[in-house]
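Note that the structure is a prediction, hence the values are computed from the model and not measured. In what follows, every heavy atom counts, from backbone to side chain, and hydrogens, waters and symmetry copies are set aside. We name chains A, B, ... by the order of the sequence lines, and we start the count at 1 in each one.
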Amino acid sequence: MTDWLHPALVLLLGAAALPLLPAAARRVWLVLVPLLGLAALFTLSPGTHGQFEFLGMPLVTGRVDDLSLVFAYVFGIILVIGMIFALHVKDTVQHVAALTYAASALGAVLAGDLVTLYVFWELMVITSVWLIWRRGTDVSYAAGMRYLIIHAIGGMSLLAGVIVFYQTTGSIAFDRIETASPAFYLILVAFMINAAVPPLHAWLSDAYPEATVTGAVFMSALTTKTAVYVLMRGYPGVELLMWMGVIMTWYGVIYAVLANDIRRILAYHIISQVGYMVCAVGMGTSLALSGAAAHAFTHILYKALLFMGAGAVIYMTGKSKLTELGGLYRSMPWTFLLFMVGAVSISGFPLFSGFVSKTIIIEAAADDGRGIIYLMLLTAGAGTFLSIGLKLAWFTFFHRDAGLRPAEPPPNMLLAMGLAASLCFLIGVVPGPLYAILPAPIDYNAWTVGHVLKEMQLLLFTGLAFFLMLGLVGGKNKIALDVDWIYRGGGKALTIALRDRISATNAELRNVFMDTLVQWMARVKKRHGRDGKLARTWPTGSMAFWVVVLLASLLMFGIRQH
Amino acid sequence: MLGRWLERLVARGRLLSLITLVVMALLVLADIIIPPAYVRFPWDGLGGFAAVLGFVGCVFFIAVAKGLGHLLLYKPEDYYGEQHEHEAPGRERSRDD
């Protein structure tokens with residue numbers, strides 16, 4: 001224990017101390033604690049740390065290797081940036097929730113066994129839900145409740161999987177899961193829920209747009225990427241994931257075209273981008289896995305930047321729908337510019353971070369000879385630019401003057417966005433340091449003439465199609481049904497109908513039973529009541545008669561001679 | 001400052017679109033002339049393939065999404081019986097613990 005300090009512990013202690021501090025010191029503390037956490041991350045040396053025995057199980061709280069470090073670093077970085085973005089928020093509950101949420105995500109990524117993973121997995125849910133609830137609206141309360149229930153189901157699946165895994169293998173070590181027992185699927189389902197793999201994804205697009213402005217930034221970064229990490233660890237090369245991943249890339253794009261809420265568009269594009277990673281995990285080649293890790297790293301930065309940009313718009317205007325926004329580039333030019341850095345990063349424009357990570361995954365598909373996957377991933381890239389770089393940006397910042405004249409967001413928000421944008425740009429221009437920390441050394445150069453030509457053609461011609469169809473692609477005052485309809489719409493109606501049917505049947509059965517009972521009571525009363533046949537006082541003669549009958553029957557049937 | 005600079009760009013929107021269109025044409029031309037780095041798939045040698053894919057892909061996504069939306073998925077905003085209350089700008093600032 002002395003040779004290492006768990007970074008999650010730093011954050012947890014920091015979170016615990018926060019409410020005790022005077023209000024003036026809290027702001028300093030809010031930046032200091034994530035920085036200390038990040039510093040603790042940089043002191044980690046590869047190896048196994050923090051082992052101890054609990055109820056006869058060997059627990060490992062610190063598995064530090066190339067794979068866990070990539071995710072841990074970027075979690076640490078985004079916590080610093082997200083906290084700066086949230087500095088103006090006076091709600092201590094949110095800050096404590098964000099710190100403990102990040103601590104649990106770090107705990108999950110550094111967990112070396114399934115039990116430790118499970119503990120942090122559940123902790124992530126119960127801390128992050130406060131980032132939804134503290135929005136303080138009825139809608140966010142309901143969305144948070146649904147978020148909690150879905151993740152509770154996922155957590156149960158993980159727990160059941162871990163138990164079955166322990167029973168069949170006698171181990172709780174978390175490595176590649178190869179058992180053919182139900183544990184394989186139970187754990188996989190839990191991971192897929194957190195990775196938002198359709199049809200288990202609806203919690204994300206349901207809850208994230210209802211979270212607080214600053215809370216959504218943390219949520220966009222941590223939950224799904226922890227899931228990508230555990231999938232990389234436990235299920236590399238599972239072909240099902242490759243197909244599910246490529247479906248995700250398209251699914252997110254199609255729903256983003258339908259969405260009107262700016263953060264819902266971004267939420268669907270988390271699904272789409274995580275699709276690239278899940279697909280790469282499914283391919284399972286060394287290049288693909290490195291691509292997944294690299295893409296997770298860049299994705300966290302540009303997606304947080306996009307959520308910060310959209311959050312700044314919501315915070316300053318009080319509006320979140322494309323149909324209510326427009327023309328904001330005049331009053332919020334810096335927000336616009338920084339948002340666009342995120343938008344071109346996620347779209348994969350050369351010079352920005354998405355380009356140097358997404359193309360690794362696409363290259364890995366080509367390298368593996370998977371033509372259909374290659375084409376589908378490439379096309380999904382066009383869809384990404386379509387919804388975020390074009391639709392979201394155009395209808396929020398240009399299009400028409402919606403009459404809104406907000407000021408730029410507070411300086412801490414702009415600073416956080418600036419930091420994230422700088423990283424997006426730096427990684428795009430100098431990808432070397434990122435490539436150097438990937439789990440496997442890669443022989444890949446994003447900056448070839450072929451790659452640049454291909455991406456630029458793809459994106460610019462997407463732009464052409466967008467402006468030709470401009471009349472069609474604007475936001476609509478509608479919502480698009482997704483799988484959550486099952487538990488919010490049809491399924492809810494079905495459940496209510498079923499409940500009513502059951503209670504009606506129950507009432508009928510009780511009535512029938514009671515009627516029968518009453519009839520029986522009447523009959524019993526007739527026989528056994530005061531004047532009933534069996535309750536009358538009988539003459540002694542009758543007694544003697546029955547004794548005779550008894551004896552006679554004994555004589556005839558009871559006493560047999562052998 | 002930045003705002004005025006952006007406005008100046010927007011005012012020259014036509015010129016910017018024209019430049020972009022020329023760049024696009026040059027990109028396709030370059031793609032046709034420069035031989036591909038590898039030929040792994042049948043489409044690897046086709047100049048301008050990515051341009052077509054981008055354009056067709058974009059039209060495809062809009063068509064599929066809007067088709068699904070109008071046939072099946074689009075519902076009124078109060079479909080789930082929830083109404084988003086409008087929040088005043090910067091409401092988080094007013095909340096203290």
*Check B:Leu73 against A:Leu258 and note the closest heavy-atom contact, atom names and distance.*
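Where B:Leu73 meets A:Leu258 most closely, the heavy atoms are CD1-CD1, 3.8 Å.
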
Under 4.5 Å from any heavy atom of chain B, what part of [X] do you find: side chain, backbone, both or neither?
X	answer
A:Tyr255	side chain
A:Val257	both
A:Leu390	neither
A:Leu337	side chain
A:Phe385	neither
A:Leu464	both
A:Met469	side chain

With a 4.5 angstrom heavy-atom cut-off, is it the side chain or the backbone of [X] that approaches chain A, or both, or neither?
X	value
B:Leu68	side chain
B:Trp5	neither
B:Val52	neither
B:Leu6	both

*From the options B:Leu53, B:Val28, B:Val56, select the one residue that forms a side-chain contact (heavy atoms from CB on, under 4.5 Å) with A:Phe461.*
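Considering B:Leu53, B:Val28, B:Val56, a side-chain contact (heavy atoms from CB on, under 4.5 Å) with A:Phe461 is found only for B:Val28.
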
_Distance, nearest 0.5 Å, that separates CZ of A:Arg370 from CZ of B:Phe41_ =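 With rounding to 0.5 Å, CZ (A:Arg370) is 10.0 Å from CZ (B:Phe41).
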
*What do you reckon, are the aromatic ring centroids of A:Trp485 and B:Tyr80 less than 6.0 Å apart?*
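Ring-ring flag for A:Trp485/B:Tyr80: false, centres at least 6.0 Å apart.
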
